[in-house]
**Q** 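Structure provided below as structure tokens; questions to follow.
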Amino acid sequence: MDELVEPRAAQITYETETPVRTEIDGPVAWITMDRPKYNNAQNSQMTYALDDAFRRAVDDDAVKVIVLAGEGKHFSAGHDIGSPGRDVDKSFERRLLWADHTNKPAAEMLYTREQEVYLGMCRRWRDAPKPTIAAVQGACIAGGLMLAWVCDLIVASEDAYFQDPVVRMGIPGVEYFAHAFELPPRIAKEFLLLGERMSASRAQQFGMVNRVVPRENLRDEAAAMAAKLAAQPRLGLWLTKQAVNHVEELRGKRAAMDAQYHMHHFAHAQNDLVTGNTLAGMDAKGMAAANKEQDGEA
Ligand code: ZN
């Protein structure tokens with residue numbers, strides 16, 4: 001019989017019951033990640049709240065455009081790897097047809113979990129039948145990239161920066177591996193291998209972001225873009241985003257992500273075997289300290 005394990009008793013303290021809030025402003029749903037205390041670190045609680053918010057925005061026929069934003073100084077610090085609300089071991093009602101991860105042994109646990117909460121959810125949001133805009137300020141790091149990249153358009157403030165430093169954990173980039181679609185391959189290699197911050201203006205040079213505006217204009221710019229989108233016909237918007245998404249599929253985006261997903265999980269498993277920790281012992285504090293050291297050296 002296949003082995004199952006006792007789900008680990010999770011020690012979780014949520015600082016909020018509403019990690020995502022939604023405001024409807026005319027035809028625009030503003031979905032805002034709301035854990036500013038932890039720079040909007042994405043735990044499962046937030047992931048499922050985001051999915052609920054996208055679901056409601058898609059179901060509401062009065063909503064024509066969705067804006068994804070982050071409360072506070074930073075858009076997203078990435079996946080939650082260190083707040084008291086880190087809930088990797090917690091079971092949630094799944095939205096895709098995956099099994100529960102909490103009673104699976106060894107590498108099967110994360111492999112199962114991340115199919116749903118990272119790769120699966122991101123693909124689901126990317127395929128939303130309404131246009132989406134990410135409004136990005138401050139840090140957009142690792143898992144945060146995935147949230148910006150699933151949106152159709154990205155408007156960034158001048159202080160925004162993008163970074164995927166997970167190679168430091170021995171992991172070849174975050175789970176939604178769009179890096180080499182968002183950036184030319186050699187730049188994607190630089191971005192990943194060096195793990196450095198990329199400014200909004202440099203990201204714009206490669207077409208990774210659509211517009212860069214002063215911080216104080218970010219919301220207005222996103223609102224202006226959303227208003228223009230809302231004036232377009234609903235089905236035309238859906239068909240058009242699907243047409244471009246299909247071009248990415250013809251270029252192999254989905255297959256590339258599936259291939260990388262297995263490398264990503266080989267790396268998690270290797271970390272666990274060698275260090276006893278799937279992230280090679282790195283947590284939010286460790287990554288921040290290593291970032292500082294790298295910046296100091298540069
Ligand atoms: Zn992972």
Side-chain angles (χ1 to χ4, degrees), residues 8 10 12 38-48 50-51 76-83 85-92 94-96 98-126 139-150 162-182 188 191-193 195 253-288 290-291:
R8 279 172 282 182
I12 302 163
Y38 299 107
N39 300 322
N40 298 321
Q42 184 192 344
N43 54 7
S44 286
Q45 180 203 34
M46 176 187 281
T47 304
Y48 285 91
L50 279 172
D51 193 63
S76 171
H79 299 148
D80 189 338
I81 58 171
S83 91
R86 186 175 190 226
D87 52 6
V88 175
D89 298 323
K90 188 172 153 75
S91 218
F92 285 80
R94 290 164 301 286
R95 308 297 160 85
L96 301 155
W98 308 117
D100 184 37
H101 66 285
T102 57
N103 65 348
K104 302 300 182 295
E108 187 179 357
M109 188 275 226
L110 271 193
Y111 182 79
T112 305
R113 175 177 187 264
E114 294 191 348
Q115 285 276 8
E116 157 99 356
V117 294
Y118 296 151
L119 189 54
M121 288 287 197
C122 282
R123 284 173 165 168
R124 176 174 155 90
W125 301 333
R126 179 250 194 181
C140 180
I141 299 179
L145 294 168
M146 298 166 49
L147 299 172
W149 286 344
V150 297
F162 304 86
Q163 183 183 26
D164 189 351
V166 305
V167 176
R168 188 177 292 127
M169 302 168 169
I171 297 173
V174 287
E175 296 83 2
Y176 185 81
F177 191 71
H179 308 61
F181 287 84
E182 297 288 346
F191 185 65
L192 282 159
L193 293 170
K253 190 178 194 181
R254 189 179 178 92
M257 285 187 180
D258 284 340
Q260 188 270 359
Y261 188 79
H262 290 84
M263 299 174 205
H264 180 101
H265 280 275
F266 170 61
H268 274 313
Q270 173 75 350
N271 281 341
D272 203 14
L273 286 166
V274 173
T275 70
N277 179 282
T278 55
L279 303 178
M282 301 297 283
D283 60 8
K285 274 193 188 124
M287 287 299 277
N291 268 338

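Computed from a predicted structure; not experimentally measured. Note that ligands are numbered from 1 as they come in the structure, with each ligand's atoms numbered from 1 the same way.
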**Q** For a side chain to side chain donor-acceptor pair (under 3.5 Å) with His265, tell me which candidate from Glu114, Glu108, Gln260 qualifies.
**A**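 Running side chain to side chain donor-acceptor pair (under 3.5 Å) over Glu114, Glu108, Gln260 with His265 returns exactly one hit, Glu114.
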**Q** Mind checking what makes ring pair (Phe, Tyr, Trp, His ring centres under 6.0 Å) contact with His264, not counting sequence neighbours?
**A**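 His264 satisfies ring pair (Phe, Tyr, Trp, His ring centres under 6.0 Å) with His268 once adjacent residues are dropped.
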**Q** Tell me the protein N, O or S atoms under 2.8 Å from the Zn ion (ligand 1), in chain and number order.
**A** Glu114 OE1, Glu114 OE2, Glu175 OE2, His264 NE2, His268 NE2
**Q** Going by atom types only, do Tyr111 and His101 share a side-chain donor-acceptor pair under 3.5 Å?
**A**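 No, no side-chain donor-acceptor contact under 3.5 Å.
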**Q** Could you tell me if Thr102 and Asp100 have a donor-acceptor pair between their side chains, going purely by distance under 3.5 Å?
**A**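 A donor-acceptor contact under 3.5 Å links the two side chains.
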**Q** Which residue pairs pass the salt bridge (Lys or Arg N to Asp or Glu O under 4.0 Å) test with at least one member in residues 262-285, sequence neighbours excluded?
**A** none
**Q** Could you give the side-chain donor-acceptor pairs of residues 116-123 under 3.5 Å, partners two or more places apart or in another chain?
**A**
| residue | atom | partner | partner atom | Å |
| --- | --- | --- | --- | --- |
| Glu116 | OE1 | Leu96 | N | 3.2 |
| Glu116 | OE2 | Tyr48 | OH | 2.8 |
| Glu116 | OE2 | Arg95 | N | 2.8 |
| Tyr118 | OH | Arg113 | NH1 | 3.4 |
| Arg123 | NH1 | Asp258 | OD1 | 3.3 |
| Arg123 | NH2 | Arg254 | O | 3.1 |
| Arg123 | NH2 | Asp258 | OD1 | 3.0 |

